[in-house]
Q: 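Let me begin by handing over the structure; questions about it come next.
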Amino acid sequence: MEKASETPPFSRDARARLQGSLLAWYDRTYRELPWRTPPRGGENGDTPGADPYRVWLSEIMLQQTTVATVIPYYRAFLSRWPDVAALARAPLDDVLHAWQGLGYYARARNLHRCARQIVSQWGGRFPSREADLRALSGVGPYTAAAIMAIAFGQKATPVDGNVVRVTARLFCVSTALPHARAEIEALAGTLTADRRPGDFAQAMMDLGATVCTAKKALCVHCPWKGDCRAHARGTPLDYPRKTAKKKKPTRHGVAYWLRRPDGDVFFQRREEKGLLGGMMGIPMSPLEEQKIGPNAAARFAPVAGDITFLSGVVIHVFTHFRLELMVCVLVPRVGDDIPGMWVRESHFSDIALPTLMKKIISHVRVNGLQ
DNA sequence: CACGCGTGGCC
DNA sequence: TGGCCAAGCGT
C-alpha cells in the first residue's frame, strides 16, 4: 500500500514556497463570506481567530452543501441565535424548522445536541483541543480540524473535498477514491503551514472551490502551477481518480393526504433515524422497488376511508435513490387514533417540512380535488 | 468500512 | 436529462 503517490512529498524549501504562494494568493483574491474574518495580510500577520460558534455553525451547514445555499440559512440562524447558549435554549422544533430545506436533517439534530453539550459540559465555551471537539455531536475529523485552525489558530489540517482534489492533483495520487483517502490526508498534512493556520486552511479550500475545481482546472490562475505534478503532465482533470459509482435505483411509494371535513390535513413526525428523520410529513407507504398498485396502496393506508388517487406522480431525487411517489387523498371514515397532528393549511408554514413534503403539497394543490 | 443521508445547480 | 458535484458524519 506504500505506493503513496506517483511522486514523493516536497522538500522543506518547496513546502515553504508553496505555503507562501498560497497565502499570498489568498490575500490577493480574498472572498468575503458572512462567517469569515478578513486576513490581516502583511508580514507575519495571523488573522485574528474567528468566533468559534460562528465557525462551527458555518462548518456544519457547509457539510456537503454549497456556499450559496448556506448563506441565507447562516444569516437567519446567527440573527435568531447569536451565541451557543441561545441555540441551546431553543426548542429542537424551532431549530428543525429553521433548517428546513437545507437537507441532511441529522445535522440539525446534532447541531442542537452539540449546543447543549457545549453548555452543559463546557460552560458555554467551545473546547480548544481537537479530541474534545471530536467528542461533540456532529463534529467529525474535518469539522474539528477546521475549528482548530480557523477559530483557535492552531495548526490543523481540515481535509474536505476541495483539499482532496487539490492534493491529489498536486501529487498525482494514483490510488482511486475512496480508498486513497488516508494517503491524501497524510500528503495534505505535509503541506500545512505553522503560520496563519486558519488562513492556510481556508486558502486550500478556496483554491479547490475557485481554481482547481472538479470540472475545470484553471491552472493559469493557480499559485501552485509551478509545482503541481498533474499540471506538469497536462492532465489535472484525471485526478483524483475515482472508482465507478453504482447507478441510482428508483423506489416507489404512496403518500396519503388525509383530509378532515374541516379541511385540516394530517401530519406526523418522522422517525429520528432514517430518511428525513425528525421532520414532519404526511404518512407514506413503505418504499419498494416496484410500482405500487391500487390494491396495495389501499392496504398500506394508515386509516380506513375513501381513497382517491391523484393523477401524476411526485419525483424527488435523493443522494442514493430516486423516489417516485403516488399521492392519494384519503378521507378517514372513522376518528383518528394514530399519533400525529391535524394542521390547517394556513399553518403549514409553522411546521418543519422537508422539500419533498413541499413538493407533495404543491402536487395536491395542482392535481387535487377540492 | 460501506452505506445512508437532501437539495439545488450545472452541463 | 441524468449524472455529477458540494466546506462530511454516524453507524
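Owing to the predicted nature of the structure, the values given are computational and were not obtained by experimental measurement. Here is the naming used below: chain letters follow the sequence lines, and residue numbers restart at 1 for every chain. These numbers come from the heavy atoms of this one structure, side chains and all, not from hydrogens, waters or symmetry mates.
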Q: For A:V163, which contact category applies under a 4.0 Å heavy-atom criterion: base, sugar-phosphate, or nothing?
A: nothing
Q: In this structure, would A:V119 and A:I147 fall into the same cluster of hydrophobic residues linked by side-chain contacts under 4.5 Å?
A: no
Q: Are A:R15 and A:F200 in a cation-pi contact, defined as NZ or CZ under 6.0 Å from the six-membered ring centre and within 45° of the axis?
A: no
Q: Kindly write out the residues that satisfy side-chain contact (heavy atoms from CB on, under 4.5 Å) with A:R270, not counting sequence neighbours, or none if the list is empty.
A: A:L275, A:L276, A:M284, A:M357
Q: Polar atoms only, N or O, under 3.5 Å: list the protein pairs with nucleotides 9-11 of chain B and their distances.
A:
none

Q: Which of residues 102-114 of chain A have a heavy atom under 4.0 Å from DNA chain B?
A: A:L102, A:G103, A:Y104, A:Y105
Q: Under a 4.0 Å heavy-atom cut-off, which of residues 273-283 of chain A touch DNA chain B?
A: A:G274, A:L275, A:L276
Q: Just jot down the ring pair (Phe, Tyr, Trp, His ring centres under 6.0 Å) partners of A:W81, sequence neighbours excluded, or say none.
A: A:F77
Q: Is the A:F10-A:F171 ring centre distance short of 6.0 angstrom?
A: yes
Q: Could you give the distance separating B:dG8 and C:dC9 at their P atoms, to the nearest angstrom?
A: 22 Å
Q: Considering only atom P, compute the distance from C:dA7 to B:dC5 and round it to an integer number of Å.
A: 23 Å
Q: Should the pair A:R269-A:D93 be classified as a salt bridge under the 4.0 Å nitrogen-to-oxygen rule?
A: yes
Q: Assuming nearest nucleotide by heavy-atom distance, tell me which of A:G138 and A:E59 is located more 5' along DNA chain C.
A: A:E59
Q: Between B:dC3 and C:dC4, how many Å separate the two P atoms, rounded to a whole number?
A: 16 Å
Q: Map every base of DNA chain B to its dot-bracket character, where paired means a Watson-Crick or G-U wobble contact with both distances under 3.5 Å and | marks a partner outside the strand.
A: .||||.|||||
Q: Return yes if some donor-acceptor pair links the side-chain N/O of A:S58 with the main-chain N/O of A:V55 below 3.5 Å, else return no.
A: yes
Q: More than 12 heavy atoms of other residues, nucleotides or ligands under 6.0 Å from CZ of A:R125: yes or no?
A: no
